[in-house]
Structures are given as C-alpha cells and as structure tokens.
Colleague: 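Below: one structure in structure tokens.
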Protein chains: 2
Amino acid sequence: MNGKQRMVEQSKQWLCDALINLMTKENFQDISITEIAQTAELSRKTFYHSFKNKEAVINYLCDQLFDQYFEQLLQQKPQVGEMMLKTTFDIFLNFWWQKRDLIQLLIRQGLFDHMNEIWQQKAIPRYQQFAAPWHVQGTPTQVNYVMAFQLGGFTNILRVWLGQDQPEPPEQIKDLMLLAAQQLADSLNTN
Amino acid sequence: MNGKQRMVEQSKQWLCDALINLMTKENFQDISITEIAQTAELSRKTFYHSFKNKEAVINYLCDQLFDQYFEQLLQQKPQVGEMMLKTTFDIFLNFWWQKRDLIQLLIRQGLFDHMNEIWQQKAIPRYQQFAAPWHVQGTPTQVNYVMAFQLGGFTNILRVWLGQDQPEPPEQIKDLMLLAAQQLADSLNTN
DNA sequence: ATACAAAGGAAACATTTGTTACCTTTGTTT
DNA sequence: AAACAAAGGTAACAAATGTTTCCTTTGTAT
C-alpha cells in the first residue's frame, strides 16, 4: 500500500471512528453527514469521496470485522474430525466476545442485519474453500444449504447473545449452542 | 374495524402496493417519497401521515407477512412428537414459496435482513406460547438459544433458496433441510 | 526538480426530506 | 341534521443530501 492509498484508508478510518463515536450518543438515523465529517475533522467532500452514504460506512466496518474474523479462523484452523464443531464454536464466541462493544452498538442501532447481510454474502464463498463443520459429503447444492442453515443459526445466536445488556460469558454460550445442536439432532431421531 | 380505520388501512395498502410496484423497476434507494405518493395517487402528506419513512413501509409489509405466516402455522398446528420437524418445514416452505415473488424482490433490493429483523423480533415472543420443534426441555434461557439457532437456520435457508433466479420447488428444499439438520446432528455424534 | 495525478477544502447548487399551516372532505356521534 | 374529529390536499418551509465547480495540497513519476 503506497502513501496515496494509505491517505485514503486513513480518512476512511477516521470517518468510521467518528460515526461509531457519534452512535454511542445519538441515533444512527439522526446523524448527518456534516456531523460525521466535523467529528472526523474532515470536509463533507472527503466523506463523499470515501463513501457513498452513511450505510456504506457500516459496510466498510463490517467488511473489516469479517476479514479479521476469517484471519483468526484460518490461524486456528479447526481440524476435521472430532471436536471440530466445538473448536469452531470457541473461535466464533471468543472473537465476538472481544468485539462485543461494537456489536452491541450495532444491535441497539438496528444495524445488526446490515452486518448479517455482508456476513452471509462474504461467508458462503469463503467457506467453500475451507473445511468447516458442515463440510461433510454431498453435492455442492447440499453443502450450500447445510452451510446456510448452520451459518444462520450461529449468527442468530450471536444476535440474541449480545443483544442483552449483560451477555453471559462465552463459555456458557458454548454449552448452550451444543445443547441447541443436540436438541435439533434429537428432534430428527424421534421420527 | 370502522370506516375511518379502513380508510387509513386502505391508504397504507395503496402506498405499499405503489412501493412494491416501483421496486420492480427502480432501486429502492432511488425511489422518492414523492414518487411513491404519485404512484399511489395520494399526496406526500398522506404518506407522512401513514408512515415515518420508506423503511416503515417495508416494516408494515413484513409485519403483514409475518402475521399471515403465523396464522397459517396456527391453523395447521404441527403436533408434538414424530414428524413435527417435517411438518414445520412443510408449512414454512410452502408459505414462502407462495410469497416468492415478493421475497425475491426484497432480496434483490437488499431488504431481506430488514425482514429478518422484524421476523426475529416478532417470532421469539410468539414461539414462546407455542409448541415448536425446539420446545423440548430446558430453562427459558436454553429454549431461547435453541430457538434462535433454529430460527436463524430456517431464515438463512430461505435467503439462499429464494435468492436464486430459479429456486428449486419446495419439496427438494425440504429434503435438503432435513439433510442439513442430520449432518449437524452427525457432527455432534463424532465427538 | 518539475510535471502530473489524486485527494482534500470551500462554497454553491438542485433535490429530497421531513414538518408545518391552512383548508376541504369524509365518517362518526348525538 | 348538526357538530365534531380524523384524514386528505395544497403549498410553503428549513434542513439534509448528494453533486458540482474551482482551487489548494500532497504524494508519485520521470
């Protein structure tokens, strides 16, 4: 990354930070571009040079979050076989526990689904080149749906978990998630 | 419902229809309130009387969809025990298959998560007074997470399914969903 | 070192948004 | 039937949005 690009990225980051900062005090809807630019000590022109609108800032933020998550997942690459689901849960829960302040802010501002949209769009292609718990056998279509189901389940647990004012520590949620998966499995076995 | 209320509901419905109509031709972001009002042959004043903004129209629409779904679910109330999960899948898939044109429109316009948000918020309290497949034993917290997981899974399958130009017929998806649940169950049993 | 391209600032601009004031129409109540 | 309240229409309004013009600054390339 050269100096020019770094300059742009820096501006984007400042605008992001400004928006997050404002969101702790004010409703997302009521925050104006002028306000964001002023807080970031940049001109409105620079805002519109960096982003299309307010939502695009959230997109950028979520993109970054997602990339961080995937980086961490690749480092601690869960091994296929036993414990894989548990390890994946662990990485998932610990990552989002670290980011809980930001996520709670997004949830309170009604922007969680915005994140979810980006998450789902980026996750599906990425997981296709990666051994995930749902990567068992099956046609590509089957894998896709199995993945969608589990990914949706994970994300929604995240929503419920961090949507609370005082979320439980990640270890407790891990047990609850295992129970959730187990109960689903049981409801199949009664047929 | 008296005539006055009916009048308001009628206006809301016309505005809804107008927005849906415009969304088939134009990007949601680019549709102005003026345009919606003109298409509905009502004044901007009436729009602002009925809704806070464009998003509120989508909320209203999604509220209606949700209520319709739940009505159908209560009519065909799946019985606890065997086949419950399958019956629930059936109702779910057939309902959304009927509504696929609208859902596909929402997905293409990036409004699926908007629907998801409303869905999740309304579903969790409702399902608490209703025997659902995840209503097995456990503390309220446990039931809540089990429910969140499955609900998120269902919704995300819906996204992937109807996000396609030519979605498979519901029967095929039902098999895929059962497979998804089964594979999750299997990945637990290998531990 | 100079020329060049990309980024930022200032300010003006048309549009859109959300709100308001005033008036007319319509359904409800007594 | 008369009075009233709620809804719709017209038109004006301030504020915010998104775009443009012109100019300055700052890295990059030759």
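By convention in this document, chain letters (A, B, ...) are assigned in the order of the sequence lines, proteins followed by strands, and residues within each chain are numbered from 1.
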Colleague: Using side-chain contact (heavy atoms from CB on, under 4.5 Å), reason through A:K86 and A:M177 one step at a time and then give a plain yes or no.
Modeller: CA-CA 9 Å; A:K86 283 183 190 171; A:M177 283 178 85; over 6 Å; no

Colleague: Can you name the one residue among A:Y127, A:F70, A:W96 that meets ring-ring contact (aromatic ring centres under 6.0 Å, His included) with A:W119?
Modeller: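 Only match with A:W119 under ring-ring contact (aromatic ring centres under 6.0 Å, His included): A:W96.
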
Colleague: Whole angstroms only, please: what is the NE2-C1' distance between A:H49 and C:dA6?
Modeller: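 It works out to 7 Å between those atoms.
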
Colleague: State whether the distance check finds a donor on one side and an acceptor on the other, under 3.5 Å, for side chain B:K4 versus base C:dT26.
Modeller: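 Donor-acceptor pair under 3.5 Å: yes.
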
Colleague: Report yes or no: does B:Q109 contribute a side-chain atom to a donor-acceptor pair with the main-chain N or O of B:M23 at less than 3.5 Å?
Modeller: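 Side chain of B:Q109 to backbone of B:M23: a pair is present.
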
Colleague: With nearest nucleotide decided by heavy atoms, which residue, B:R44 or B:E41, maps closer to the 5′ end of DNA chain D?
Modeller: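 Between the two, 5'-proximity favours B:E41.
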
Colleague: Quickly work out the A:R6 CZ to D:dG27 P distance and round it to whole Å.
Modeller: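 Distance check: A:R6 CZ to D:dG27 P gives 9 Å.
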
Colleague: Do A:L65 and A:I118 have side chains that approach each other closer than 4.5 Å (heavy atoms only, starting at C-beta)?
Modeller: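 No, every pair of side-chain atoms sits at 4.5 Å or beyond.
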
Colleague: Does the pair B:F149 and B:Y145 meet the rule for a ring pair (Phe, Tyr, Trp, His ring centres under 6.0 Å), with working shown?
Modeller: CA-CA 6 Å; B:F149 184 78; B:Y145 279 103; over 10 Å; no

Colleague: For the helix from C:dA1-D:dT30 to C:dT30-D:dA1, what angle lies between the axis at the first five pairs and the axis at the last five pairs, to 10 degrees?
Modeller: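 Between the axes fitted at each end of the helix from C:dA1-D:dT30 to C:dT30-D:dA1 lies an angle of 30°.
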
Colleague: Does A:T46 make a side-chain N or O approach to OP1 or OP2 of C:dA7 shorter than 4.0 Å?
Modeller: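 A:T46 to C:dA7 OP1/OP2: no side-chain N or O under 4.0 Å.
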
Colleague: What's the CD-C1' distance between B:Q10 and C:dG27, to the nearest Å?
Modeller: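 In whole Å, C:dG27 C1' and B:Q10 CD are 15 Å from each other.
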
Colleague: Rounded to whole Å, please give me the gap between CZ in A:F51 and C1' in D:dT19.
Modeller: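 Computing the A:F51:CZ to D:dT19:C1' distance gives 18 Å.
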
Colleague: Have a look at B:S43 and say if it touches a base, only the backbone sugar-phosphate, or nothing, with a 4.0 Å heavy-atom cut-off.
Modeller: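 Base contact.
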
Colleague: For A:Y48 and D:dG18, what is the distance between atoms OH and C1' respectively, to the nearest whole Å?
Modeller: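 Between C1' of D:dG18 and OH of A:Y48: 5 Å.
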
Colleague: Between B:S11 and D:dA7, does any side-chain N or O lie under 4.0 Å from OP1 or OP2?
Modeller: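 No, no such contact exists.
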
Colleague: Let me know, please, whether B:M7 or A:F47 comes out on the 5' side of the other along DNA chain D by nearest nucleotide.
Modeller: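 First, find each residue's nearest nucleotide; the 5'-ward one identifies B:M7.
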
Colleague: What is the distance, to the nearest angstrom, from the CG atom on B:N53 to the C1' atom on C:dG18?
Modeller: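 Atom-to-atom, B:N53 to C:dG18, this comes out as 10 Å.
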
Colleague: If you find the nucleotide of DNA chain C closest to A:K45 and the one closest to B:K52, which residue's nucleotide is nearer the 5' end?
Modeller: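 Checking each residue's closest nucleotide, the 5'-ward one belongs to A:K45.
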
Colleague: So, A:D67 and A:R126, do they make that salt bridge, N to O below 4.0 Å?
Modeller: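 Between A:R126 and A:D67 there is a salt bridge, with a charged N closer than 4.0 Å to a carboxylate O.
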
Colleague: What is the separation between atom CG on B:L42 and atom C1' on D:dG9, rounded to the nearest whole Å?
Modeller: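 Interatomic distance, CG of B:L42 to C1' of D:dG9: 10 Å.
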
Colleague: Determine: side-chain N/O of B:T34 to OP1/OP2 of C:dT16, distance under 4.0 Å, yes or no.
Modeller: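 Indeed not, no polar side-chain atom of B:T34 lies that close.
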
Colleague: Any non-hydrogen side-chain atom of A:S11 less than 4.5 Å from a side-chain atom of A:F47?
Modeller: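 No - every pair of side-chain heavy atoms lies 4.5 Å or more apart.
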
Colleague: Mind calculating the distance between CD (A:Q5) and C1' (C:dA5) to the nearest angstrom?
Modeller: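 Nearest whole value for this atom pair: 14 Å.
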
